There are 2 protein chains.
Amino acid sequence: MAGMATKTPEIRRRPGGRSARVQNAVYDAVGELMARERPDHITIPMVAERAGVNPTSVYRRWGDIDALLEEVAVAAFTRDDDEVPDTGTFSGDLREWALVISRDISRAHRTRYLRALVSARDGQVEQCPCWTSRQEQLAEMIVRARARDESTPGVEQVLNHVIAPLYHHVVFGLAVDDGFAQRLVGDVLSMAPRHESARAAK
Amino acid sequence: MAGMATKTPEIRRRPGGRSARVQNAVYDAVGELMARERPDHITIPMVAERAGVNPTSVYRRWGDIDALLEEVAVAAFTRDDDEVPDTGTFSGDLREWALVISRDISRAHRTRYLRALVSARDGQVEQCPCWTSRQEQLAEMIVRARARDESTPGVEQVLNHVIAPLYHHVVFGLAVDDGFAQRLVGDVLSMAPRHESARAAK
DNA sequence: CACTAATTGCAACGAACATTGCTTTAGAGA
DNA sequence: TCTCTAAAGCAATGTTCGTTGCAATTAGTG
């Protein structure tokens, strides 16, 4: 599962045909298996059988199970259906934003994918589209708040004290509920803002 | 790798004999392999060969690779050589404590074991001895500080805003250095203390 | 409608892993 | 020292995974 962010989600040469059907079947099969099996116990014959596809096809197209899982994981995380909250106050924005993220990553299959990403990577996990998009959203909220002359924590602080604890809890199997997210937001809002460069604020 | 905290580190029936030699050889082999191979690519024949031991012995004693990796991981994390800092002030204690932990978990093989734990678990990772001992240390520091009439953040806050970010960075492959740990401590010290029950403070 | 190229399915093969019955070794107690 | 027994080694076997050559199918193109 190496090379996560390097592979561009290129369009298949024959989008409407059998290739696409096979790909979808395989994706679905992976999704179903991820819901009930540990990632490192998933094999290509497994997904092939569940997808009603010949294992050879999977081997040829993806090479090994890591590449396949990686591709599906990226696909699962890379959808930008989420919009940046704009409630009028930074605390409101942050609260809503944290809730969305918290509910998102605490869904069962999401947790699996997260863990898969972690265990698969030798090096950096970040630089995945999902992460950078989150950072950009946060930066936007902060810029807007500061334009309103609000005092806000820095990007790094929010990442460290809201995102990190959320992900930590999810990855380590601890409970994550709305209250937890809210408490984190309350904590970070009560922190003294640290001076930091505006590099992350685009 | 399920059942982490359930297995007590029982004493082998023949501590001085061949069993112990085999166990040590296997443990060492796992350690070496963990340093250069992803956990889910490590097989029993691999460790057996490197340990100079018959694979059958490993199969019989540990059952499968997950149980073996789990046992070694616990052994690696379960050593209470760390003592609680006592600098006279809570901020000093916390700083030192964070540094020790930060340096500990950012060592290469430590990172591996952490990731192995994460990917191995379906349920909770916590309740491993290493975690609870950390919590107890923290609680002790807080009790001492409050006995000196210092105002401190709660146990949960420190866990969320110091431990969680540290582990998050390690697990996700981001850089962790002393400065990072220090910044986290600074942040949490500047937070408004939240009222919480004293359940964690023993 | 036919042609061409890509992709899938099929089948056979080799390699690695996992299991089991039996033998041998070595530590512990009498 | 001798005996006993738990654990390790050995060898044979079954299973699953991964690879490869070849035929069949399918989707674009003229």
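Remember, it's a predicted structure, so these values are computed and weren't measured experimentally. Below, read A as the first sequence line, B as the second, and so on, with proteins coming before strands; counting in each chain starts at 1. Atoms considered below: every heavy atom in the structure, side chains included; atoms not considered: hydrogens, waters and symmetry mates.
- Here the two rings, on B/H168 and A/H168, have centers that are 6.0 Å apart or farther.
- Applying the side chain to side chain contact (heavy atoms under 4.5 Å, CB included) test to A/E96 and every residue at least two apart in sequence or in another chain returns A/P85, A/T87.
- Checked against salt bridge (charged side-chain N to carboxylate O under 4.0 Å, His left out), B/R144 has the following partners two or more places apart in sequence or in another chain: B/D86, B/D93, B/E140.
- Listed pair B/S57 / D/dG9 meets the phosphate criterion, a side-chain N or O lying under 4.0 Å from OP1 or OP2.
- Checking the phosphate oxygens (OP1, OP2) of C/dA26, no side-chain nitrogen or oxygen of B/R21 falls inside 4.0 Å.
- Judged as a side chain to side chain contact (heavy atoms under 4.5 Å, CB included), and not counting sequence neighbours, the contacts of A/L159 are A/Q135, A/L138, A/V155, A/I163.
- Protein atom CZ of A/R61 is 15 Å distant from nucleotide atom P of C/dA6, rounded to whole Å.
- The nearest whole Å value for the distance from the CG atom in B/L68 to the C1' atom in C/dC17 is 15 Å.
- Between the CD atom of A/E49 and the P atom of C/dG9 there is a distance of 14 Å, given to the nearest Å.
- B/R103 is linked by a side chain to side chain contact (heavy atoms under 4.5 Å, CB included) to B/L99, B/D178, counting only residues two or more places apart in sequence or in another chain.
- Taking the screw axis at each terminus of the helix from C/dC1-D/dG30 to C/dA30-D/dT1 from five consecutive base pairs, the angle between the two is 30° to within rounding of 10 degrees.
- Partners of B/R95 according to the salt bridge (charged side-chain N to carboxylate O under 4.0 Å, His left out) rule, which considers only residues two or more places apart in sequence or in another chain, do not exist here.
- B/R36 is linked by a side chain to side chain donor-acceptor pair (under 3.5 Å) to nothing, counting only residues two or more places apart in sequence or in another chain.
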How does each nucleotide of nucleotides 10-18 of chain D score, in 5' to 3' order, for protein heavy atoms under 4.0 Å: base (B), sugar-phosphate only (S), or none (-)?
BB-----SB

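- Residues that satisfy the side chain to side chain donor-acceptor pair (under 3.5 Å) test with B/S190, not counting sequence neighbours, are absent from this structure.
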